[in-house]
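Let me begin by presenting the structure, written as structure tokens, before commenting on it.
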Amino acid sequence: MRAFDSRDCLDVVEKSCVLECPVDCIYEGARTMYINPDECVDCDACKPACRIGAIYWEGDLPDDEQQHLADNAAFFSQTLPGRDGPLGSPGGADTVGRIGVDTPLVAALPAAESAADA
């Protein structure tokens, strides 16, 4: 299974990974992208396509980012703010479009500094 390092992907929503995913399992929240752990086939197409290096194999996720592994799964298994029920496995991101909401963990993170602000 994959996980996003939300610290790197936060407020970037870099979608090069989405274009390479053959099973359409990368979903767009409001501030970051999420990989559906039940739909991902571990093909590795997204990892080299990610221009910001935000995708890790589960076992390679840095210790300070381990919380994002469970949080990524929670995006699909828990009822998110403003939704009637969990997203689950709808069979591809194109079938639902942009979700436009994040998990409470991601929503509470401070805004990422943009390149223009740096």
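Keep in mind that the numbers below use all heavy atoms, side chains included, and drop hydrogens, waters and symmetry copies.
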Nearest 0.5 Å, please: how far is [atom2] in [Y] from [atom1] in [X]?
X	Y	atom1	atom2	answer
Lys15	Cys46	NZ	SG	15.5 Å
Glu65	Asn72	CD	CG	12.0 Å
Cys50	Asp8	SG	CG	8.0 Å
Cys21	Asn36	SG	CG	10.0 Å
Asp102	Arg31	CG	CZ	7.0 Å
Cys17	Ile26	SG	CD1	4.0 Å

Can you check whether [X] reaches [Y] side chain to side chain, under 4.5 Å on heavy atoms?
X	Y	result
Lys47	Trp57	yes
Ile55	Ile35	yes
Tyr56	His68	no

**Item:** Results of side chain to side chain contact (heavy atoms under 4.5 Å, CB included) for Pro110 - residues two or more places apart only
**Value:** none

**Request:** Sequence neighbours left out, what passes side chain to side chain contact (heavy atoms under 4.5 Å, CB included) with Gln66? Give chain and number order.
**Result:**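 With neighbours one apart ignored, the set is Leu61, Leu69.
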
**Item:** For Asp11 against Ala111, the heavy-atom pair lying closest together
**Value:** OD2-CA, 3.3 Å

**Asked** Looking at Cys40 and Cys25, what are the two nearest heavy atoms and their distance?
**Response**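 Result for this residue pair: CA-SG, 3.6 Å.
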
**Message:** Assigning hydrophobic clusters by single linkage (Ile, Leu, Val, Met, Phe, Trp, Tyr; side-chain heavy-atom cutoff under 4.5 Å), is Val101 placed with Leu105?
**Reply:**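 Val101 and Leu105: separate clusters.
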
**Message:** Test: ring-ring contact (aromatic ring centres under 6.0 Å, His included). Region: residues 91-111. Which pairs qualify, not counting sequence neighbours?
**Reply:**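 The answer is none; no pair qualifies.
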
**Request:** Determine the interplanar angle of the Phe75 and Tyr34 rings, folded into 0 to 90°, and report it as parallel if under 30°, tilted if 30 to 60°, perpendicular if over 60°.
**Result:**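 Plane angle under 30°, so parallel.
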
Side-chain donor/acceptor pairs under 3.5 Å, residues 78-99, sequence neighbours excluded:
unit_1 : atom_1 : unit_2 : atom_2 : d
Thr95  : OG1    : Gly92  : O      : 2.5
Arg98  : NE     : Glu28  : OE2    : 3.2
Arg98  : NH2    : Ala30  : O      : 3.2

**Message:** So, using side-chain hydrogen bond (donor to acceptor under 3.5 Å, both in side chains) as the criterion, who are the partners of Asp64 when residues are at least two apart?
**Reply:** Arg7

**Request:** Could you identify which residues cluster with Val41, counting Ile, Leu, Val, Met, Phe, Trp and Tyr as linked when any side-chain heavy atoms lie under 4.5 Å apart, either directly or through a chain of such contacts?
**Result:**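 When side chains under 4.5 Å apart are linked, the cluster holding Val41 also contains Val23.
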
